[in-house]
Amino acid sequence: QVRLVESGGGSVQAGGSLRLSCAASGRTFSRYAMAWFRQAPGKEREGVAVISWSGGMTYYPASVKGRFTISRDNAKNTVYLQMNSLKPEDTGVYYCAASTDYGLDAEFGSWGQGTQVTVSS
């Protein structure tokens, strides 16, 4: 497992952008697929992006495709989520997670504490 710490959340108006970061501890970061999830009040947790170990593969659900971009820097043990054209429905707590398998339906054994993103209309 790895220890994950998110940062970069905040409040922004609709149409704005935010960049989330997730710093991982440990020397095996590059062995993990990384993903971002979000959870809004009263709603189920939703996966919004996943990236493979090397960064060569990514996947986004339709709700964020074309607006969100996940990337990673294995030298810095960090994964990022660039969020553009934000909408009020993007509001929620965003979590990064690590898995030994690739895919939003993989089993994620390590989770960060979450960072709040609030988008106002």
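- T115 has its side chain out of reach of V93: every pair of non-hydrogen atoms, C-beta onward, lies at least 4.5 Å apart.
- A pairwise comparison of heavy atoms in E46 and S63 identifies OE2-OG, 3.0 Å as the closest pair.
- Between T78 and K76 the shortest heavy-atom distance is OG1-O, 2.8 Å.
- Residue-environment remark: CD (E107) stays at or below the threshold of 12 foreign heavy atoms within 6.0 Å.
- Hydrophobic cluster membership is shared by L86 and L81, with clusters built from Ile, Leu, Val, Met, Phe, Trp and Tyr side chains linked at under 4.5 angstrom.
- A cation-pi contact, defined as under 6.0 Å to the ring centre and within 45° of the axis, links R45 to F37.
- Nearest heavy atom pair, residue P88 against residue A14, reads CD-CB, 4.1 Å.
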- Message: I'd like to know whether M83 forms a side-chain contact (heavy atoms from CB on, under 4.5 Å) with Y94, so could you lay out the CA-CA distance, the side-chain angles of the two residues, the decisive distance to 0.1 Å, and finally the verdict.
- Response: CA-CA 11 Å; M83 305 185 293; Y94 282 69; 3.8 Å; yes
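- The main-chain N or O of F108 is never found under 3.5 Å from a side-chain atom of S99 such that the two would form a donor-acceptor pair.
- At a threshold of 4.5 Å between non-hydrogen side-chain atoms, the residues Y60 and V50 do not count as touching.
- With D101 contributing its side chain and Y32 its backbone, the two residues share no donor-acceptor pair below 3.5 Å.
- Side-chain contact between T69 and N84: absent, with no pair of heavy atoms (C-beta onward) separated by less than 4.5 Å.
- Y80 carries R19 over the face of its six-membered ring, with the cationic atom under 6.0 Å from the centre and within 45° of the normal.
- Between R67 and K87 the shortest side-chain heavy-atom distance falls below 4.5 Å.
- Without hydrogens or angle criteria, S52 side chain to M57 main chain gives a donor-acceptor distance under 3.5 Å.
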- Item | side-chain contact (heavy atoms from CB on, under 4.5 Å) between V79 and I51, intermediate numbers included | CA-CA 9 Å; V79 62; I51 189 166; 4.2 Å; yes
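- I70 and L104 are assigned to two separate hydrophobic clusters, defined by single-linkage of ILVMFWY side chains at heavy-atom distances under 4.5 Å.
- Closest non-hydrogen pair, Q13 versus V119, comes out as C-CG1, 4.0 Å.
- Residues D90 and R38 meet the side-chain proximity criterion, which asks for heavy atoms closer than 4.5 Å.
- Other residues, nucleotides and ligands contribute over 12 non-hydrogen atoms within 6.0 Å of the CD atom of Q116.
- Judged purely by atom type and a 3.5 angstrom limit, W111 has no side-chain atom pairing as donor or acceptor with the backbone of A97.
- The shortest non-hydrogen separation linking F29 to D73 is CE2-O, 4.1 Å.
- Annotation for S110 and V2: closest pair OG-N, 3.1 Å, computed over non-hydrogen atoms.
- Y102 and V64 sit in two unconnected hydrophobic clusters of ILVMFWY residues. Membership requires side-chain heavy atoms under 4.5 Å apart, directly or through other members.
- Between W36 and E6, the closest side-chain pair of non-hydrogen atoms falls below 4.5 Å.
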- Test L4 against M34 for side-chain contact (heavy atoms from CB on, under 4.5 Å), laying out the working first. CA-CA 10 Å; L4 304 173; M34 300 296 297; 3.9 Å; yes
